[in-house]
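The structure appears right after this line, and notes come after that.
Heavy atoms only: backbone and side chains are in, while hydrogens, waters and symmetry mates are out. Protein chains get the first letters and strands the later ones, always in sequence-line order, with residue 1 at the start of each.
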Amino acid sequence: MKKMNSKKSNGDKSFRKTEKLRKNYQFQKVYKQGKSLATKNTVMFIRKNFKGCNRLGVSISKKVGKSVVRHRLKRLYIEAFRNLKANIVKSGFDIVIIGRKGAGSMTYSEVFSEIKGLMSWGKLLK
RNA sequence: UGAGUAAACUGGGCAGCCGCGAGAGCAUUGAUGCUUUCGAGGAAAGUCCGAGCUCCGCAGGGCAGGGUGCUGGGUAACGCCCAGUGGGGGCGACCCUAAGGAUAGUGCCACAGAAAGAAACCGCCUUUUCUGGAGCUUCUAGAAGCUCUAGAAAAGGUAAGGGUGCAACGGUGCGGUAAGAGCGCACCAGGGGUCAGGUGACUGGCUCGCUAGGUAAACCCCACCCGGAGCAAGACUGAAUAGGAGGGAGAUGAUGUUGCCCGCUGAAUCCCUCGGGUAUGAGUCGCUGGAGAUGCCAGGCAACUGGCGUCCUAGAUAGAUGGCUGCUACUCUAUUUUUAGGAGUACAGAACUCGGCUUACAGGUUUGCUCAUAUA
RNA sequence: CGGGGCGUAGCGCAGUUUGGCAGCGCGCUUGGUUCGGGACCAAGAGGCCGCGGGUUCAAAUCCCGCCGCUCCGA
């Protein structure tokens with residue numbers, strides 16, 4: 001992965017405001033109509049949005065830890081999503097990632113492999 | 001050198017790549033794109049105090065209610081800070097201290113103890129009466145009187161003693177007395193008066209025998225302070241506390257103004273329930289230049305204040321500070337004893353802004369002072 | 001941002017107003033009863049009263065500062 005990142009040729013690794021889920025109703029739609037996948041530390045909801053781009057929302061409950069722990073975990077999820085964007089084949093999906101109770105102690109490599117596994121389970125990766 | 005005490009600072013470093021937010025400039029109808037600059041803390045935390053700012057039919061009165069509580073300063077203000085005073089702890093440097101009033105009143109002080117607050121009880125002493133015993137004297141020879149002693153009753157004196165208890169009516173000693181008592185004296189503890197010093201808390205001297213427990217972080221009294229709500233405050237726009245339906249209250253006063261009353265205000269209003277979601281399931285402003293930071297000089301023991309110069313240092317809104325790599329610093333671990341490998345890097349994330357307090361904090365640096373030991 | 005409630009035995013709760021013995025029910029242990037078990041009877045163990053200070057002779061209770069859980073309102 002890291003070697004691929006250093007190449008120039010692969011796609012956009014940015015993460016802009018338009019790729020974020022920002023409103024509560026957007027989250028509620030994904031919860032109600034989406035498909036859910038779960039591991040021990042992470043839950044992922046996936047729903048088609050018919051808009052031609054993939055959007056991400058992250059939600060971490062207060063049970064995970066203090067403010068520093070929650071904030072750091074959210075950044076790790078976004079970083080993992082950003083580094084996996086080039087490998088996503090399908091587009092037009094809303095994705096919501098939820099951190100569960102033990103997720104606060106994970107490192108970046110654990111988060112990355114967890115998100116990668118969930119995405120390939122959801123058939124978003126090639 | 002070791003132990004301790006007080007205070008200040010730091011909060012891994014350097015380089016590279018990818019990514020995020022904001023400002024400015026350029027391009028662009030715009031969304032955006034490019035360049036460049038800046039981008040978490042000492043506690044940003046807890047939300048415990050104090051203010052600025054904004055609104056509430058001006059902020060008026062009374063009663064409640066709340067807070068503070070040695071003195072003097074500082075400050076925009078404070079429950080904060082500084083300098084002192086008293087008390088307590090430590091050999092010491094130093095630390096802790098809600099520290100006004102207990103003769104304004106009320107309450108409480110379990111168990112024990114005579115008694116937990118001003119009085120009774122036991123006891124001690126004196127006098128009188130009665131009863132018993134011993135001794136002496138008189139004499140009519142078994143009675144009287146006197147002295148001593150034991151017991152009971154009555155009248156009085158006293159607060160020394162009473163195994164308790166956290167606490168017992170100032171303490172110890174000598175004198176004194178029928179027995180006793182600050183009744184008198186010496187020393188000690190406290191209190192009143194007066195004089196001196198100090199702005200003051202208070203300290204020191206002299207003098208008065210003046211000495212009725214503790215608890216006010218129990219009610220309370222005294223002195224001082226407090227209008228309420230909070231940036232989801234509030235303002236603006238292109239309908240913007242939208243516009244609707246049903247029920248109820250309302251000039252006999254709704255509503256608002258802290259709880260209550262008075263006073264003020266004064267109605268297409270107010271309260272409840274249901275349903276609805278607009279052009280973007282709103283946006284912009286408030287939103288960061290301020291009791292700002294820093295250097296020098298002056299005043300002050302200090303907190304702090306004044307003058308001059310320099311600087312601009314986060315402004316998000318599902319909420320920007322992250323990830324990876326290399327070298328290095330520190331800690332841990334197993335192998336090895338020399339290097340290499342692995343894991344980890346304190347507490348913790350701005351949300352209107354300041355001044356404080358409290359709490360959390362791996363490791364490191366510096367300075368002042370104290371004690372002990374050694375050497376000179 | 002503002003406000004309220006609760007932390008006591010393994011579990012569910014009293015006691016806090018008015019300071020002085022830490023209690024109740026279920027559960028647990030031992031013994032009895034029964035052929036055995038349950039039920040019943042008798043005895044017993046189990047507590048830093050969330051944590052740290054302070055006031056007081058004495059604190060679960062009063063005061064101050066923290067920690068955790070939980071519920072409202074805008």
| Is B:G89 in the syn range, within 90° of 0, or in the anti range? | anti
| task | Would you classify B:A178 as syn or anti? Syn applies when the glycosidic angle is within 90° of 0. | result | anti
| task | Look through every strand shown and name the nucleotide pairing with B:U321 as Watson-Crick or G-U wobble, where both distances are under 3.5 Å. | result | none
| task | Measure the distance from CZ on A:F27 to P on B:G319 and round it to the nearest whole Å. | result | 8 Å
| said: For the P atoms, the ones on C:U16 and on C:G50, what distance do you get once it is rounded to whole angstrom? | reply: 15 Å
| message | I'd like the P distance from C:G46 over to C:C62, given in whole Å. | response | 29 Å
| Can you check whether A:Y108 stacks with the B:G323 base, using ring centres under 5.5 Å and planes within 30°? | no
| What is the distance, rounded to the nearest whole Å, between atom CZ of A:F15 and atom C1' of B:G21? | 14 Å
| remark: When A:E79 and A:K20 are each assigned the nearest nucleotide of RNA chain B, the 5'-most assignment goes to A:K20
| remark: With A:F81 as partner, the option from A:L76, A:L56, A:V58, A:V111 fulfilling side-chain contact (heavy atoms from CB on, under 4.5 Å) is A:L56
| request: Provide the Watson-Crick or G-U wobble partner of B:C332, both distances under 3.5 Å; none if there is no partner. | output: B:G342
| request: Nearest whole angstrom, please: distance from the P of B:A320 to the CD1 of A:I78. | output: 8 Å
| request: Using whole Å, report how far CG of A:L84 lies from P of B:G323. | output: 17 Å
| Pair assignment for C:U17, Watson-Crick or G-U wobble, requiring both distances under 3.5 Å | none
| field | Intermediate values then yes/no, side chain to side chain donor-acceptor pair (under 3.5 Å), A:S36 and A:Y31 | value | CA-CA 8 Å; A:S36 75; A:Y31 291 151; over 6 Å; no
| query | Can you tell me the Watson-Crick or wobble partner of B:A99, both distances under 3.5 angstrom? | reply | B:U85
| query | Mind checking what makes side chain to side chain contact (heavy atoms under 4.5 Å, CB included) contact with A:D94, not counting sequence neighbours? | reply | A:L21, A:V30, A:R47, A:N49, A:R55
| Base-pairing assignment for B:U5 (Watson-Crick or G-U wobble, both under 3.5 Å) | B:G368
| field | Whole-Å gap separating P (B:A45) and NZ (A:K62) | value | 14 Å
| remark: Per the glycosidic torsion and the 90° limit around 0, nucleotide C:A14 is anti
| query | Between B:G323, B:A318, B:G19, which one does the side chain of A:R82 approach most closely? | reply | B:G19
| said: What I want to find out is whether A:E114 reaches A:K40 closely enough, with some N-O distance under 4.0 Å, to be called a salt bridge. | reply: no
| message | Can you measure A:K74 atom NZ to B:A316 atom C1' for me and round it to whole angstrom units? | response | 12 Å
| P atoms of B:U127 and B:A179, separation to the nearest Å | 12 Å
| request: With P as the reference atom in both, quote the distance from B:G52 to B:C78 in angstrom, rounded to an integer. | output: 12 Å
| query | In Watson-Crick or G-U wobble terms, both distances under 3.5 Å, what is the partner of B:A152? | reply | B:U129
| message | Under 3.5 Å for both donor-acceptor distances, Watson-Crick or wobble: does B:A240 have a partner, and if so which one? | response | none
| remark: Its glycosidic angle compared against 90° from 0, B:A201 adopts the form anti
| Given atom CZ of A:R70 and atom C1' of B:A318, what is their separation to the nearest angstrom? | 13 Å
| Closest contact, heavy atoms only, A:A103 versus A:Y77 | CB-OH, 4.2 Å
| Quantified in whole Å, what is the C1' atom distance between nucleotide B:G299 and nucleotide B:G73? | 15 Å
| query | For A:V43, which residues count as a side chain to side chain contact (heavy atoms under 4.5 Å, CB included) partner, sequence neighbours excluded? | reply | A:A38, A:F45, A:I98, A:R100
| note | Residues at least two apart in sequence or cross-chain that pass side chain to side chain contact (heavy atoms under 4.5 Å, CB included) with A:K48, listed by chain then number, are A:F50, A:F93
I'd like a table of atom pairs between the protein and nucleotides 344-351 of chain B - only N or O on both sides, under 3.5 Å - with the distance next to each one.
{"residue": "B:A348", "atom": "OP1", "partner": "A:K66", "partner atom": "NZ", "Å": "3.1"}
{"residue": "B:G349", "atom": "OP2", "partner": "A:V68", "partner atom": "N", "Å": "3.4"}

| message | With rounding to the closest Å, how many angstrom separate the C1' atoms on B:G65 and B:G228? | response | 15 Å
| task | With P as the reference atom in both, quote the distance from B:G25 to B:A31 in angstrom, rounded to an integer. | result | 15 Å
| task | Rounded to whole angstrom, note down the C1' distance from B:U258 over to B:G61. | result | 16 Å
| remark: residues 67-80 of chain A vs salt bridge (Lys or Arg N to Asp or Glu O under 4.0 Å), sequence neighbours excluded, gives A:E79-A:R82
| Atom-pair distance (CG on A:L73; P on B:G323), nearest Å | 12 Å
| request: Would you check if A:I95 and A:M119 make a side-chain contact, meaning some heavy-atom pair closer than 4.5 Å? | output: yes
| Is there a Watson-Crick or G-U wobble partner for B:C206 with both distances under 3.5 Å, and which nucleotide is it? | B:G193
| Any idea if B:G161 is syn or anti, going by the 90°-from-0 cut? | anti
| Qualifying side-chain hydrogen bond (donor to acceptor under 3.5 Å, both in side chains) pairs, either residue in residues 56-68 of chain A, two or more places apart | none
